[in-house]
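Within every chain, numbering begins at 1; the chains are lettered A, B, ... in the order of the sequence lines, protein sequences first and strands thereafter. Side-chain atoms are counted along with the backbone in the values below, which use heavy atoms only and exclude waters and symmetry mates.
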Amino acid sequence: MSLSPDEVRHVARLARLALSDDEVADLAPQLSEILGYAEQVGEVAADEVPPTVHPFALKDVTRPDEPRPSLRREDILAGAPAVEQDRFAVPRIVAEEG
Amino acid sequence: MTSELIGLTAAQLAARLTAGEVSAREAVDAHLDRIVATDGVVADGDLWPAEPADQRSDDQIHAFLQVRAEAARAHADDIDRRRAAGQKLGPLAGVPLALKDVITMRGAPTTCGSKMLEGWVPPYDATVTELLHDADVVVLGKTNMDEFAMGSSTENSAYGDTRNPWDLDRVPGGSSGGSAAAVAALQAPLSIGTDTGGSIRQPAALTGLVGAKPTYGTVSRRGLVAFASSLDQAGPFARTVEDAAMLQTVIQHHDPRDSTSVSESPPDLLATLRDGVEGLRIGVVTELQGEGYEPGVAETFQAALARYESLGAEIVEVSLPHAPYGLPAYYLIAPSECSSNLARFDGVRYGQRVDAATAEEMNAATRSAGFGPEVKRRIMIGTHALSSGYFDAYYLQASKVRTLIARDFAAAFEQADVLVSPTSPSVAFGLGTKTADPIAMYLNDVATVPASLAGNPALSLPAGLAAAPDAPDSALPVGLQIMAPLLRDDLMYRAAWAFEQDLGFTPMPAGARAVEVAQ
């Protein structure tokens with residue numbers, strides 16, 4: 001599989017990466033080569049094989065629903081780049097009505 | 001006195017501590033002195049930072065990103081007080097350890113080798129850190145690593161590379177290169193690394209250490225900053241098999257706070273350590289040798305098989321038919337999980353932020369400035385592999401191949417008690433020699449990835465020395481990988497101990513400029 005610069009830009013948008021033109025130029029052949037290598041998995045006949053995500057096939061792991069101490073709010077907010085009124089502060093997400 | 005203490009194994013040091021011949025404070029100070037002499041830290045104040053990457057000297061190891069000198073001394077003093085008061089302490093109480101900077105420790109900066117987390121101080125201890133603390137193992141500091149554990153040479157760290165104590169112009173392997181180099185350079189007798197596709201075993205091989213990836217799920221991932229959640233596993237580095245088994249015993253524990261933690265543990269790792277390999281069936285994996293392995297590695301591996309035979313083990317040939325698809329499957333599964341896990345670095349909750357007008361622009365500007373080239377590559381591969389129209393052919397197909405590899409292992413363990421292969425296709429390679437070619441770097445993992453995908457425990461131990469192809473007169477460590485059935489970590493340690501005793505390897509680099517030890 002070969003990725004064009006436009007496809008690289010599309011994937012970068014999905015991944016929330018703002019790539020420079022130089023980065024796009026470097027990544028297009030690199031990603032194509034890596035994907036070409038990884039595509040070898042397609043040679044394996046595996047239609048009837050279930051996928052593995054955990055060697056012990058654990059499912060729906062729960063713990064008793066009991067209250068217990070959690071981290072303090074101020075300790076968590078202390079690591080954030082911007083805080084307002086005891087909350088994480090972010091730039092505008094929803095555009096104003098036009 | 002100093003040089004004598006740093007040359008001790010963890011078991012030897014622990015015995016002296018228990019006998020009252022050495023204090024924990026003396027042990028910690030000896031290792032801090034060693035770090036000051038060999039690592040390149042700014043030994044000033046309570047928390048010693050590494051020298052800035054642009055001001056570093058080339059004759060130092062650069063294993064540590066931060067050394068928590070004052071906290072380590074205070075912990076040691078507390079251990080000495082409690083021992084003097086007659087309190088019962090754990091078997092490794094007072095033994096110093098280096099912790100990979102991907103595992104959180106309250107109050108100690110955690111960067112994961114990334115600019116993204118520069119300055120972030122975690123508000124909680126990882127479960128592994130809690131267990132080390134409960135055992136009174138003294139954490140000296142946090143070690144360098146490939147950014148977010150993505151790499152095989154520690155050259156992807158945003159804070160500069162780490163040097164191999166055996167040859168300062170060569171890499172220590174990765175991603176846990178700092179943890180490996182610290183133990184090889186006698187800066188600590190023990191360290192913790194993490195292994196996703198080989199990130200403990202390969203650096204152990206390249207620095208002449210024992211390094212183990214426990215059975216997936218037996219060591220909690222809570223507080224281990226996630227790279228690929230279905231593969232990540234913390235484990236020990238040490239200079240002897242016994243030390244590694246002791247440290248793994250401390251950190252393996254069921255954790256209800258990690259939903260992937262398994263409730264079973266392997267049998268006691270130390271109880272059968274010295275039982276020998278008489279009659280043990282050792283399976284040589286056909287697919288994990290031959291083309292692509294350096295001649296020195298191949299010769300050392302053949303000699304290891306002969307040694308096992310002389311020790312009474314039975315050598316059998318086994319096949320993992322799908323192992324050749326392990327690396328391609330890994331380089332879809334790990335980047336896919338990475339792209340999902342690293343979405344949390346969005347400039348909102350922790351670490352760096354680059355301001356912009358909208359949230360989406362802020363996310364993208366922050367991530368572009370915070371991540372290095374290899375992390376971006378893997379996020380891109382993973383995002384593509386998981387995107388609409390590609391999921392079935394990439395992530396799903398790779399996860400099916402993973403099932404087939406796990407079945408291959410189960411079948412092979414019908415014929416053999418443990419499996420062996422070279423750990424790495426090469427000895428330590430030169431700084432900068434593989435950074436321009438991602439696939440060449442990925443091939444470092446070719447022998448370690450299969451056990452990662454299947455979840456099986458695997459370790460690397462020194463098998464001898466061999467010359468690098470680019471330096472015919474060199475003598476660099478070669479690793480032997482031993483893989484065991486799920487939850488039979490005890491078997492791999494038993495097989496490793498017998499080999500180690502017979503080989504008599506000295507894991508102490510001599511001659512390297514920064515790491516001379518008075519003998």
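Between B:Y390 and B:H384, the angle of the ring planes lies from 30° to 60°, which puts this pair in the tilted group. Relative ring orientation between B:F148 and B:F371 is described as perpendicular, the plane-to-plane angle rising above 60° on a 0-90° scale split at 30° and 60°.
For the set B:V401, B:I381, B:L396, B:I405, the count of heavy-atom pairs under 4.5 angstrom toward chain A peaks at B:I381. Your options are A:E43, A:R63, A:R72, and the one with the most heavy-atom pairs under 4.5 Å with chain B is A:E43. With chain A as partner, the option from B:A359, B:G455, B:P335 having the largest number of non-hydrogen pairs under 4.5 angstrom is B:A359. Contacts with chain B were tallied for A:V41, A:L14, A:V61; A:V41 has the most, counting heavy-atom pairs under 4.5 Å. Between chain A and the residues B:M380, B:R407, B:M362, the largest count of heavy-atom pairs under 4.5 Å involves B:M380. Top candidate by heavy-atom pairs under 4.5 Å with chain B, chosen from A:I76, A:L27, A:L35, is A:L35. Your options are A:A82, A:P64, A:A15, and the one with the most heavy-atom pairs under 4.5 Å with chain B is A:A15. Among A:V90, A:D60, A:I34, the residue with the largest count of heavy-atom pairs under 4.5 Å with chain B is A:I34.
At a 4.5 Å heavy-atom cutoff, B:A385 makes no contact with chain A through either its backbone or its side chain. At a 4.5 Å heavy-atom cutoff, the contact between A:Q40 and chain B is made by backbone and side-chain atoms alike. There is no contact between B:E361 and chain A, counting heavy-atom distances below 4.5 Å. Using a 4.5 Å cut-off between heavy atoms, B:S261 contacts chain A through its backbone alone, with no side-chain atom that close. For chain B, no part of A:R87 is nearby; none of its heavy atoms comes within less than 4.5 Å. For a residue to count as touching a neighbouring chain, one of its non-hydrogen atoms must lie under 4.5 Å from one of that chain's; by this rule B:L327 touches chain A with backbone and side chain alike. In this structure, no portion of A:L77 lies under 4.5 Å from any heavy atom of chain B. For B:A343, no part sits under 4.5 Å from any heavy atom of chain A, backbone or side chain. Contact annotation for A:V83: neither backbone nor side-chain heavy atoms come within less than 4.5 Å of a heavy atom of chain B. With a threshold of 4.5 angstrom between heavy atoms, B:S387 approaches chain A through side-chain atoms but not through N, CA, C or O. Looking at A:A78, there are no atoms closer than 4.5 Å to chain B (heavy atoms on both sides), in backbone or side chain. Looking at B:V348, both its backbone and its side chain come within 4.5 Å of chain A, counting heavy atoms on both sides. With a threshold of 4.5 angstrom between heavy atoms, B:A329 approaches chain A through its backbone and through its side chain. When heavy atoms are compared at a cutoff of 4.5 Å, A:L58 approaches chain B solely by way of its side chain, counted from C-beta outward.
We find that B:R349 and B:D346 are joined by a salt bridge, their nearest charged nitrogen and carboxylate oxygen being less than 4.0 Å apart. We find that B:R257 and B:E130 are joined by a salt bridge, their nearest charged nitrogen and carboxylate oxygen being less than 4.0 Å apart. B:E360 has a carboxylate O that lies under 4.0 Å from a charged side-chain N of A:R13, or vice versa, which qualifies the two as a salt bridge.
Aromatic pair A:F56/B:Y216: centroids not less than 6.0 angstrom apart. Between B:Y331 and A:Y37, the gap from one ring centroid to the other reaches at least 6.0 Å.
Put simply, the side chain of B:P266 does not reach to within 4.5 Å of the side chain of B:R488, judged on heavy atoms. Within the 4.5 Å cutoff, the side chain of B:R377 has heavy atoms near those of the A:L31 side chain.
A pairwise comparison of heavy atoms in B:A484 and B:N456 identifies O-ND2, 3.0 Å as the closest pair.
Within a 6.0 Å radius of CD in A:E84, no more than 12 heavy atoms belonging to other residues, nucleotides or ligands are found. Environment of NE2 in A:H54: crowded, with over 12 heavy atoms of neighbouring residues, nucleotides or ligands closer than 6.0 Å.
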(request) Just do the side chain to side chain contact (heavy atoms under 4.5 Å, CB included) check on B:T260 and B:R221 with the steps written out, would you? (result) CA-CA 8 Å; B:T260 57; B:R221 292 188 302 105; 3.1 Å; yes

